[in-house]
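Quick notes on the structure that follows.
Letters A, B, ... mirror the listed sequences (proteins, then strands); counts begin at 1.
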2 protein chains.
Amino acid sequence: MVDIHALAETRLRADGQRYTRNRRTIVEALDRAGGPLSLPQLLHRHRQLAQSSAYRNLAILEAAGVVHRIVTNDGFARFELAQALTEHHHHHRICSTCGSVEDFTLPAALEDSLEKALRRVATKSDFQVASHQLDLIGVCPGCS
Amino acid sequence: MVDIHALAETRLRADGQRYTRNRRTIVEALDRAGGPLSLPQLLHRHRQLAQSSAYRNLAILEAAGVVHRIVTNDGFARFELAQALTEHHHHHRICSTCGSVEDFTLPAALEDSLEKALRRVATKSDFQVASHQLDLIGVCPGCS
DNA sequence: CTTGTAATGAGAACTACTCTCGTTTAGGTT
DNA sequence: AACCTAAACGAGAGTAGTTCTCATTACAAG
């Protein structure tokens with residue numbers, strides 16, 4: 001169990017940024033949510049956040065490697081804590097009806113061989129891999 | 001080797017749509033491109049296409065299962081022929097610098113076990129899987 | 001306390017995409 | 001062929017998620 005806020009502050013500092021109250025609020029909210037949040041969802045949970053500041057801070061947190069942005073085709077971007085902070089590599093189930101995004105994990109053995117295969121694919125094509133992203137597209141229980 | 005246009009026409013007809021010249025042009029372009037195209041790229045290749053019609057037809061082709069839409073975080077959606085038409089299951093390498101999207105495939109054995117694992121994950125959570133999507137995020141040779 | 005710099009937030013601006021609506025085209029019937 | 005009806009077209013207006021502007025506020029250092 002790492003101290004998420006300490007790590008967030010470290011990463012922001014390395015980027016020449018401060019760990020302000022608003023940014024702490026956002027990190028806290030994403031940590032508590034237990035899954036990706038859209039901006040409306042984030043603002044609904046914390047009314048004191050201004051929309052423009054929230055967007056700006058999410059961009060800054062993303063650049064610092066604290067937050068990860070997920071784009072789906074329902075128009076709303078989703079935000080979650082970077083996996084390095086949560087120490088929990090996972091993937092996403094995306095509902096094509098309501099747009100909700102939830103986490104899931106693969107068996108460790110499969111994840112390993114997947115990782116290796118992706119590295120092989122990447123080196124063969126001179127592509128510098130930063131990360132991979134595996135999404136399940138379908139219909140969630142609530143929408144079916 | 002299937003006839004892509006025949007299949008496209010069948011799928012459109014099943015949706016109560018016609019396979020018009022503009023739609024054929026789009027399918028042709030996506031087939032020739034050998035990879036996903038953004039709308040600007042598509043219009044650049046075929047100047048006679050109107051923007052609004054191209055967007056509308058891409059949406060119709062997507063609804064009919066002829067075209068697949070890929071959203072990235074560079075703002076531009078990409079379009080490619082549905083894998084059922086190309087008979088070629090593949091994944092995407094997305095360059096985080098220039099936004100370009102290219103295809104790649106996994107070893108068949110790995111793809112199989114991945115498929116099985118995803119089905120297991122899905123049934124366990126009452127999620128009705130329509131498809132999966134695996135992306136490599138990183139920097140392409142041209143941008144590094 | 002003072003001073004410089006970064007962060008804030010209300011609203012304007014941006015832009016990828018969708019919608020509107022008058023015109024054109026195409027498929028079916030006589 | 002000529003007609004008719006409905007679909008498709010396309011130029012431009014509209015929408016909406018996101019980003020930018022800039023005046024104000026908060027913070028950190030000396």
Side-chain angles (χ1 to χ4, degrees), chain A residues 5 8-9 11-29 36-44 46-64 66-80 94 98-101, chain B residues 5 8-29 36-44 46-64 66-79 94 98-101:
Chain A
H5 293 296
E9 181 159 14
R11 296 204 169 194
L12 280 172
R13 285 231 129 83
D15 243 35
Q17 302 284 347
R18 297 175 187 164
Y19 194 42
T20 63
R21 179 182 331 192
N22 278 345
R23 292 170 191 175
R24 175 179 283 267
T25 302
I26 291 173
V27 168
E28 192 95 20
L37 292 182
S38 66
L39 193 107
Q41 289 173 326
L42 178 63
L43 294 186
H44 186 75
H46 296 275
R47 305 295 177 88
Q48 79 277 13
L49 290 175
Q51 189 190 49
S52 59
S53 299
Y55 272 121
R56 175 163 22 79
N57 283 327
L58 283 167
I60 287 168
L61 289 165
E62 189 189 13
V66 176
V67 159
H68 177 60
R69 179 190 306 238
I70 307 160
V71 301
T72 68
N73 38 23
D74 75 338
F76 290 91
R78 317 268 157 165
F79 301 90
E80 67 179 357
I94 303 176
C98 69
S100 71
V101 181
Chain B
H5 293 295
E9 181 159 14
T10 303
R11 297 204 167 194
L12 280 172
R13 286 229 129 85
D15 243 35
Q17 302 284 348
R18 298 176 186 163
Y19 195 42
T20 63
R21 179 182 331 190
N22 278 344
R23 292 171 190 173
R24 175 179 283 267
T25 301
I26 291 173
V27 168
E28 190 95 19
L37 291 182
S38 65
L39 192 105
Q41 290 172 325
L42 178 62
L43 294 186
H44 186 75
H46 295 275
R47 306 295 178 86
Q48 79 276 15
L49 290 176
Q51 189 191 48
S52 59
S53 299
Y55 271 121
R56 175 163 21 81
N57 283 328
L58 283 166
I60 287 167
L61 289 165
E62 188 189 12
V66 176
V67 158
H68 177 58
R69 179 190 306 241
I70 308 161
V71 301
T72 68
N73 38 22
D74 75 338
F76 291 92
R78 315 271 158 163
F79 301 90
I94 302 177
C98 70
S100 71
V101 181

Would you mind reading off the distance between [X] atom [atom1] and [N] atom [atom2], rounded to a whole angstrom?
| X | N | atom1 | atom2 | answer |
| --- | --- | --- | --- | --- |
| E9(B) | dA7(D) | CD | C1' | 15 Å |
| I60(A) | dG9(C) | CD1 | C1' | 13 Å |
| I26(B) | dG10(D) | CD1 | C1' | 13 Å |
| L58(A) | dG17(D) | CG | P | 16 Å |
| Y19(A) | dA6(C) | OH | P | 20 Å |
| R21(A) | dC27(D) | CZ | P | 6 Å |
| L49(B) | dA8(D) | CG | P | 16 Å |
| L42(B) | dA16(C) | CG | C1' | 15 Å |

Please determine if a side-chain N or O atom of [X] lies less than 4.0 Å away from the OP1 or OP2 oxygen of [N].
| X | N | value |
| --- | --- | --- |
| Y55(A) | dT18(D) | yes |
| R18(B) | dT25(C) | no |
| Q17(A) | dA7(C) | yes |

Between [options], which nucleotide has the shortest distance from any of its atoms to the side chain of [X]?
| X | options | result |
| --- | --- | --- |
| S53(B) | dC17(C), dA6(C), dG10(D) | dG10(D) |
| R23(A) | dA7(C), dT18(C), dT18(D) | dA7(C) |
| A50(B) | dT19(D), dC9(D), dG10(D) | dG10(D) |

> Is a donor-acceptor contact shorter than 3.5 angstrom present between the side chain of R56(A) and the base of dG9(C)?
Replying inline: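 Check passes, donor-acceptor contact within cut-off.
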
>> Could you check whether the side chain of S52(B) and the base of dA11(D) have a donor-acceptor pair of N or O atoms closer than 3.5 Å, going by distance alone?
In response: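 Pair found.
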
> About how many Å separate CD of Q17(A) and CG of L61(A), when rounded to the nearest 0.5 Å?
Replying inline: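 Answer for the CG-CD pair, L61(A) versus Q17(A), is 9.0 Å.
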
>> Looking at E9(A) and R13(A), is there a salt bridge between them, counting it only when a charged N and a carboxylate O are closer than 4.0 Å?
In response: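 Answer for the salt bridge query: yes.
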
> Just by distance, with hydrogens left out, do N22(A) and T20(A) show a side-chain donor and acceptor under 3.5 Å apart?
Replying inline: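 Distance-only check fails for N22(A) and T20(A).
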
> P36(B) and I70(B): which non-hydrogen atoms are nearest, and at how many Å?
Replying inline: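 Looks like CG-CD1, 3.6 Å.
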
> Checking all strands, does A59(B) fall into the base, sugar-phosphate, or nothing category for heavy-atom contacts under 4.0 angstrom?
Replying inline: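 If one applies the 4.0 Å heavy-atom cut-off, A59(B) turns out to touch nothing in the nucleic acid.
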
>> Please compare F79(A) and N22(B) by the position of their nearest nucleotide in DNA chain D and report the one closer to 5'.
In response: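 In this pair, the answer is N22(B).
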
>> Pick the closest DNA chain D nucleotide for Q51(B) and for G16(B) by heavy atoms, then say which residue is nearer the 5' end.
In response: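 In this pair, the answer is G16(B).
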
>> If you apply the rule side-chain contact (heavy atoms from CB on, under 4.5 Å), what do you find for V66(B) with I60(B), and how did you get there?
In response: CA-CA 9 Å; V66(B) 176; I60(B) 287 167; over 6 Å; no

